[in-house]
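Structure record follows, encoded as structure tokens.
Here the structure is a predicted model, which is why all the values come from computation and not from measurement.
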Amino acid sequence: MEEHLASILKDSNKIISKLQLLSVFFEEEVIYKIYLRTQVVHKLFETNTEELDLNKLELFHLQYTATVIDLLKKIKTSNEKNVSLLFDEIQLNKELIEKINDSVFSEKNFNLDKQRQALKINLSLRKLYQVLSDDTDEYPLSKNINAFSARFAQDFFYDIPPDTIQALISFQPEEVYRNSHATIQKKLLGLLCKIDFRSDFFCGLKAGNAIIEVYQLTNLDRHFLYFPAKNLFLFCDMSQIPGVDWSNTISKKARIAQELSDKNDQLENQAKATKSALPTNVKPLLQEYYEKISDVNFLHNIGNYDVQTNILKTMLNTNII
């Protein structure tokens with residue numbers, strides 16, 4: 001008989017340990033209170049074996065504690081599946097970020113090459129001035145001058161409407177100098193001569209396959225464009241290009257990678273919250289359960305199903321979770 005009673009107490013401690021682990025996992029006050037109250041019930045039976053029937057302790061765990069544990073395990077399993085899906089998405093995003101980073105030219109590449117491109121443009125304009133002045137047919141533009149746009153336009157150039165591109169490259173024939181190789185606005189060439197052909201790359205624009213490079217005249221708030229398709233150089237009125245955030249210099253693919261990285265931060269926070277989340281309809285039932293086992297008359301009614309109905313078992317056997 002004593003062995004049977006000792007076995008009941010041992011099994012009770014095991015059940016309470018399971019409840020303790022679940023209270024730590026969920027970090028929910030009402031679950032921790034249930035765990036503490038369950039310990040109190042166990043202690044009452046353990047220290048009053050002569051007055052209290054230990055078989056009722058076994059029945060208490062069977063009727064109440066086991067149901068709570070099964071319910072919390074079911075929620076825990078569901079949460080872990082949801083967290084696993086979130087981490088799968090995080091991993092997919094990481095792989096995509098890695099592919100993007102491997103496939104795009106870096107900001108460092110772009111910043112270095114746009115300095116080289118500005119130098120090529122400045123040398124080309126100086127040479128064009130000489131060719132036009134000497135009235136020769138020598139090709140004035142630097143070697144591979146269009147390689148820069150071909151390399152960086154897709155990721156680093158701003159998208160603008162096609163009609164804006166058309167407006168920017170429009171000119172009157174009497175306004176330009178031209179030969180078989182290039183066309184340049186007369187007033188632009190005159191101003192370039194005054195500042196010794198010094199300019200800096202400002203930005204790139206594109207609409208479909210149409211590409212424009214925009215340069216700022218050094219120490220002046222004036223811009224000109226280079227239209228590679230026609231070797232065309234014209235003043236560029238920046239007010240004709242509305243709706244562009246000039247401060248946004250990050251490439252498109254780099255922006256996607258950054259957005260994916262930010263998304264992963266959100267998913268990781270969501271995973272942390274999801275891991276130990278309790279459905280909103282469960283919390284009040286757990287609170288009701290805690291109040292039930294804390295009632296002073298609770299121990300006298302263990303096993304009386306007419307008086308003590310198990311509210312959680314009904315929930316466990318439905319699809320409410």
Phe156 and Phe152 aromatic ring geometry - parallel, tilted or perpendicular at 30°/60° bounds: perpendicular

For atom CD of Gln154, decide whether the heavy atoms of other residues, nucleotides or ligands shown that lie under 6.0 angstrom number more than 12.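 At most 12 heavy atoms, drawn from other residues, nucleotides or ligands, come within 6.0 Å of this atom.
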
Do you know which of Phe233, Phe201, Phe148 makes ring pair (Phe, Tyr, Trp, His ring centres under 6.0 Å) with Tyr215?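 When ring pair (Phe, Tyr, Trp, His ring centres under 6.0 Å) is applied between Tyr215 and each of Phe233, Phe201, Phe148, only Phe201 qualifies.
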
Test item: Ser261 and Asn93 side chains (from C-beta on) under 4.5 Å apart, heavy atoms: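 When only atoms from C-beta onward are counted, Asn93 and Ser261 do not touch, as no gap falls below 4.5 Å.
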
Using a 4.5 Å cut-off on heavy atoms from C-beta on, say whether the side chain of Lys230 contacts that of Ile169.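 Of all side-chain heavy-atom pairs linking Lys230 with Ile169, none is under 4.5 Å.
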
State whether the side chain of [X] and the backbone N or O of [Y] hold a donor-acceptor pair below 3.5 Å, judged by distance alone.
X      : Y      : value
Thr218 : Arg198 : yes
Asp237 : Ser239 : yes
Thr77  : Lys73  : yes

Polar side chain donor-acceptor pair, [X] to [Y], under 3.5 angstrom:
X      : Y      : result
Thr65  : Thr38  : no
Glu213 : Ser149 : yes
Asn82  : Thr274 : no
Asp262 : Gln258 : yes

Considering non-hydrogen atoms only, spot the tightest contact between Leu62 and Thr67 and give its length.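 Shortest heavy-atom separation between Leu62 and Thr67 comes out as O-OG1, 4.1 Å.
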
Minimum-distance pair of heavy atoms, taken over all atoms of Ala277 and Ile75: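 Ala277 and Ile75 have their closest heavy atoms at O-CG2, 3.7 Å.
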
Only pairs under 3.5 Å count here: list side-chain donor-acceptor contacts from residues 183-191, not counting sequence neighbours, and write none if there are none.
{"from": "Gln185", "atom 1": "OE1", "to": "Phe235", "atom 2": "N", "distance (Å)": "2.7"}
{"from": "Lys186", "atom 1": "NZ", "to": "Glu174", "atom 2": "O", "distance (Å)": "3.0"}

In one Ile/Leu/Val/Met/Phe/Trp/Tyr side-chain cluster, 4.5 Å: Phe60, Ile69: yes

Verify the cluster assignment for Leu92 and Leu96: are they in a single hydrophobic cluster under the rule of side-chain heavy atoms below 4.5 Å apart?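 No: no chain of side-chain contacts under 4.5 Å links Leu92 to Leu96.
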
With a cut-off of 3.5 Å and sequence neighbours excluded, list every side-chain donor-acceptor pair involving residues 219-229.
{"from": "Tyr226", "atom 1": "OH", "to": "Asn146", "atom 2": "OD1", "distance (Å)": "2.8"}
{"from": "Tyr226", "atom 1": "OH", "to": "Asn231", "atom 2": "OD1", "distance (Å)": "3.1"}

Let me confirm one number: the CD-CG distance from Gln130 to Leu132, rounded to the nearest 0.5 Å. 10.5 Å

What is the distance from atom CD of Gln287 to atom CG of Leu285, rounded to the nearest 0.5 Å? 10.5 Å

Who else is in Phe87's hydrophobic cluster (ILVMFWY, side-chain heavy atoms under 4.5 Å, direct or via others)? Val83, Leu86, Ile90, Leu267

Show which residues join Leu119 in its hydrophobic cluster (side-chain heavy-atom contacts under 4.5 Å, direct or indirect), or state none.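 Taking Ile, Leu, Val, Met, Phe, Trp and Tyr as members, Leu119 shares its hydrophobic cluster with Leu123.
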
Below 3.5 Å, can you tabulate the donor-acceptor pairs from side chains in residues 18-31 to any protein atom, sequence neighbours excluded?
{"from": "Ser23", "atom 1": "OG", "to": "Gln20", "atom 2": "O", "distance (Å)": "2.6"}

Cationic N near anionic O, under 4.0 Å, [X] to [Y]:
X      : Y      : value
Asp196 : Arg126 : yes
Lys292 : Glu288 : no
Asp53  : Lys56  : no

Filter on ring-ring contact (aromatic ring centres under 6.0 Å, His included), then keep only pairs touching residues 160-198, sequence neighbours left out; what's left? Tyr129-Phe197, Tyr139-His181

Could you point out which residue of Asp137, Thr136, Val131 forms a side chain to side chain contact (heavy atoms under 4.5 Å, CB included) with Asn179?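 Single pass found, and it is Val131.
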
